[in-house]
Amino acid sequence: MTKDNTQKNGRADVLIKWIMFTAAITGMALLSAFYPIHGNVPLIVIPSILVLLFAKPVFFERLKLTTLLVMRIVIVIAALKLFNPQVYVDLIMLMLIVNILEATLTDLLRYKKYFNAISGFAVAIGVIALRGVWQFDAPFGDYYLAKGVLPIVTICYVAAYTLWNWIFVTNEFSDSVALMHVGFLSAPILGSICTLGLGVYGGIGMWLLLRANSLAIGGWMQIGAKNWFEREYQSARFSKFVAWTKTKPVQIVAMLINVGLVLTAIGITLANGGIHFEFSPFFL
C-alpha cells in the first residue's frame, strides 16, 4: 500500500469514528432529553458518577463534571414534580450565563484571547433573548424548551454560541479533543433537526436541553477515554484548519459575526414584545 493510500485510509478512519461518535452522542442526548429519569439516569448520571470515582480526573475536570452531574440529578427531581419544574428551567438559564462567563474569563485571563472573550461576553448577554419553559402539556416525555420570540432569534443565538464555544475549545484543548467537540456541538443541532416533526414541542427550542445533555455525556466520555480520543482523532488536515482559525484576521471576523448575531437576536426580541422575566413559584 502506498503512502498516499495509507494517509487516505487514515483520514477515512477518523471521519468514520467521528460520524459514529456524533450519532451516538445525538441519540443519547435525545433519549436523555425526553426521558429525564429512564434515559438521563443510565446515560448520564450513572456513567458520570463512575468516572468521578474511578477515572481520577484533574481538579478542573472534576469540578466541571460534578456541576453537570448535579444539574442532571436535579432535573430528575424536577421531573418527579417534587418542586415546580419551571424553577429548574429558570436556574438552567442562569447557569448558562455563569458557564459562558467562566469560559470567557478563561479565554481573557489565561489565554489572552481578547476577540473570543468579546464574543463570550456577547453570547452571555444574548441569553436574555431566550425564554425557557417546561413542557407540562407535551404529548410524550418530560422536558423543557428554550427559544426566542421567533425561530430566527433562537437560530441566531445557537449559531453565535456554537462558533464562540468551538473557538474556546481550540484554546483549551488539543486539536484531537477539539475535533471531538465538533461532535458535541453538532449533536444538539442535529437533535433539534430530528425533532422538527414535533412542531411547537420540538425543533430549535430543543437545542439548549440537548446541548446540556451532550455536554454532560461528553464530559464523562472525554475524562474516561481521554487518551483514546487523543490518539484516534489525530488529523494533520484538521490541525491545519485549527491553526488557521487561530489567526488574528479569522478571530476578528468570528468576533464580528458573533456580536452581529447576538445583536440581531436581541433586536428582533425587542421589536416583538421585548424581554420579560418573572419568578416562578417553587411549588406547583
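What's counted below: heavy atoms across the whole structure, side chains too, no hydrogens, waters or symmetry copies.
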Legend entry - N165 (side chain) donor-acceptor with Y161 (main chain) under 3.5 angstrom: no
Legend entry - Donor-acceptor under 3.5 Å (T269 side chain, G274 main chain): no
Inset, instruction - Check whether any side-chain N or O of E232 sits under 3.5 Å from a backbone N or O of E230 as a donor-acceptor pair, and report yes or no. - result: no
Inset, instruction - Could you grab the distance from atom CG of L209 to atom CG of N40, nearest 0.5 Å is fine? - result: 9.0 Å
Legend entry - Single-linkage hydrophobic cluster L210~I189, side-chain heavy atoms < 4.5 angstrom: yes
Inset, instruction - Decide yes or no for D137 and Y201: does some side-chain heavy atom of the first lie under 4.5 Å from some side-chain heavy atom of the second? - result: yes
Inset, instruction - Could you list the residues that satisfy salt bridge (Lys or Arg N to Asp or Glu O under 4.0 Å) with R110, not counting sequence neighbours? - result: E172
Inset, instruction - Answer yes or no: is there a side-chain heavy-atom contact under 4.5 Å between W164 and L261? - result: no
Inset, instruction - Count the heavy atoms belonging to other residues, nucleotides or ligands that lie under 6.0 Å from NZ of K240, then report whether that count exceeds 12. - result: no
Inset, instruction - Kindly write out the residues that satisfy salt bridge (Lys or Arg N to Asp or Glu O under 4.0 Å) with K113, not counting sequence neighbours, or none if the list is empty. - result: none
Inset, instruction - Check V45, L52, V51 against W220 for a side-chain contact (heavy atoms from CB on, under 4.5 Å) and give me the one that passes. - result: V51
Inset, instruction - Supply the atom-to-atom distance L30 CG to I25 CD1, rounded to the nearest 0.5 angstrom. - result: 11.5 Å
Inset, instruction - Flag the pair Y143 / M206 as yes when at least one side-chain heavy-atom distance between them is below 4.5 Å, and no otherwise. - result: yes
Legend entry - K226 side chain vs P57 backbone, donor-acceptor pair below 3.5 Å: no
Legend entry - ILVMFWY cluster, L185 and V242 together (side-chain gap under 4.5 Å): yes
Legend entry - Pairs where residues 178-198 contributes a residue and the test ring-ring contact (aromatic ring centres under 6.0 Å, His included) is met, not counting sequence neighbours: F21-F184, F173-H181, H181-F184
Inset, instruction - Answer yes or no: is there a side-chain heavy-atom contact under 4.5 Å between F136 and P85? - result: yes
Legend entry - Y233 side chain vs A178 backbone, donor-acceptor pair below 3.5 Å: no
Inset, instruction - Carefully, step by step, assess Y157 and T264 under the rule side chain to side chain contact (heavy atoms under 4.5 Å, CB included). - result: CA-CA 9 Å; Y157 185 82; T264 299; over 6 Å; no
Legend entry - From CD1 (I217) to CG (L31), nearest 0.5 Å: 9.0 Å
Inset, instruction - Only pairs at least two apart or in different chains count here, so list each ring-ring contact (aromatic ring centres under 6.0 Å, His included) that has a residue in residues 249-278. - result: F277-F279
Inset, instruction - Answer yes or no: is there a donor N or O on one side and an acceptor on the other, between the side chain of W207 and the main chain of G191, under 3.5 Å? - result: no
Legend entry - Sub-4.5 Å side-chain heavy-atom contact between L284 and F83: no
Inset, instruction - For the pair Y88 (side chain) and M71 (backbone), establish whether a donor and an acceptor sit closer than 3.5 Å, ignoring hydrogens and angles. - result: yes
Inset, instruction - Sort and list the pairs that fulfil salt bridge (charged side-chain N to carboxylate O under 4.0 Å, His left out) and have at least one residue in residues 97-107, not counting sequence neighbours. - result: K64-E102
Inset, instruction - Look only at the side chain of Q86 and the backbone of W134, and say whether a donor-acceptor pair between them is shorter than 3.5 Å. - result: yes
Inset, instruction - Could you pull out all residues at least two apart from K81 that satisfy salt bridge (Lys or Arg N to Asp or Glu O under 4.0 Å)? - result: D142
Legend entry - CG on L80 to CD1 on I75, rounded to 0.5 Å: 11.0 Å
Inset, instruction - Step by step, work out the side chain to side chain contact (heavy atoms under 4.5 Å, CB included) result for I100 and F168. - result: CA-CA 10 Å; I100 292 170; F168 166 76; over 6 Å; no
Legend entry - Spatial distance of atom CG (L65) from atom CZ (R72) [nearest 0.5 Å]: 12.0 Å
Legend entry - Residue pair F238 / V182, side-chain heavy-atom distance below 4.5 Å: yes
Legend entry - Close side-chain approach of I128 and M93, heavy atoms under 4.5 Å: no
Inset, instruction - Would you mind reporting whether W18 and M20 have side-chain heavy atoms less than 4.5 Å apart? - result: no
Legend entry - No-hydrogen, no-angle side-chain donor-acceptor test under 3.5 Å, S280 and N84: no
Inset, instruction - Before giving the answer on side chain to side chain contact (heavy atoms under 4.5 Å, CB included), spell out for N116 and Y111 the whole-Å C-alpha distance, their side-chain angles and the decisive distance to 0.1 Å. - result: CA-CA 10 Å; N116 204 47; Y111 301 114; over 6 Å; no
Legend entry - Intermediate values then yes/no, side chain to side chain contact (heavy atoms under 4.5 Å, CB included), V262 and N258: CA-CA 6 Å; V262 171; N258 271 315; 5.6 Å; no
Inset, instruction - Look at the side chain of T170 and the backbone N and O of I167, then say whether any donor-acceptor pair between them is shorter than 3.5 Å. - result: yes
Legend entry - Distance (rounded to the nearest 0.5 Å) between I257 CD1 and L163 CG: 6.0 Å
Inset, instruction - Report, as yes or no, whether the 6.0 Å neighbourhood of atom CZ on R237 holds more than 12 heavy atoms from other residues, nucleotides or ligands. - result: no
Inset, instruction - For T162 and A159, indicate whether the former's side chain and the latter's backbone hold a donor-acceptor pair under 3.5 Å. - result: no
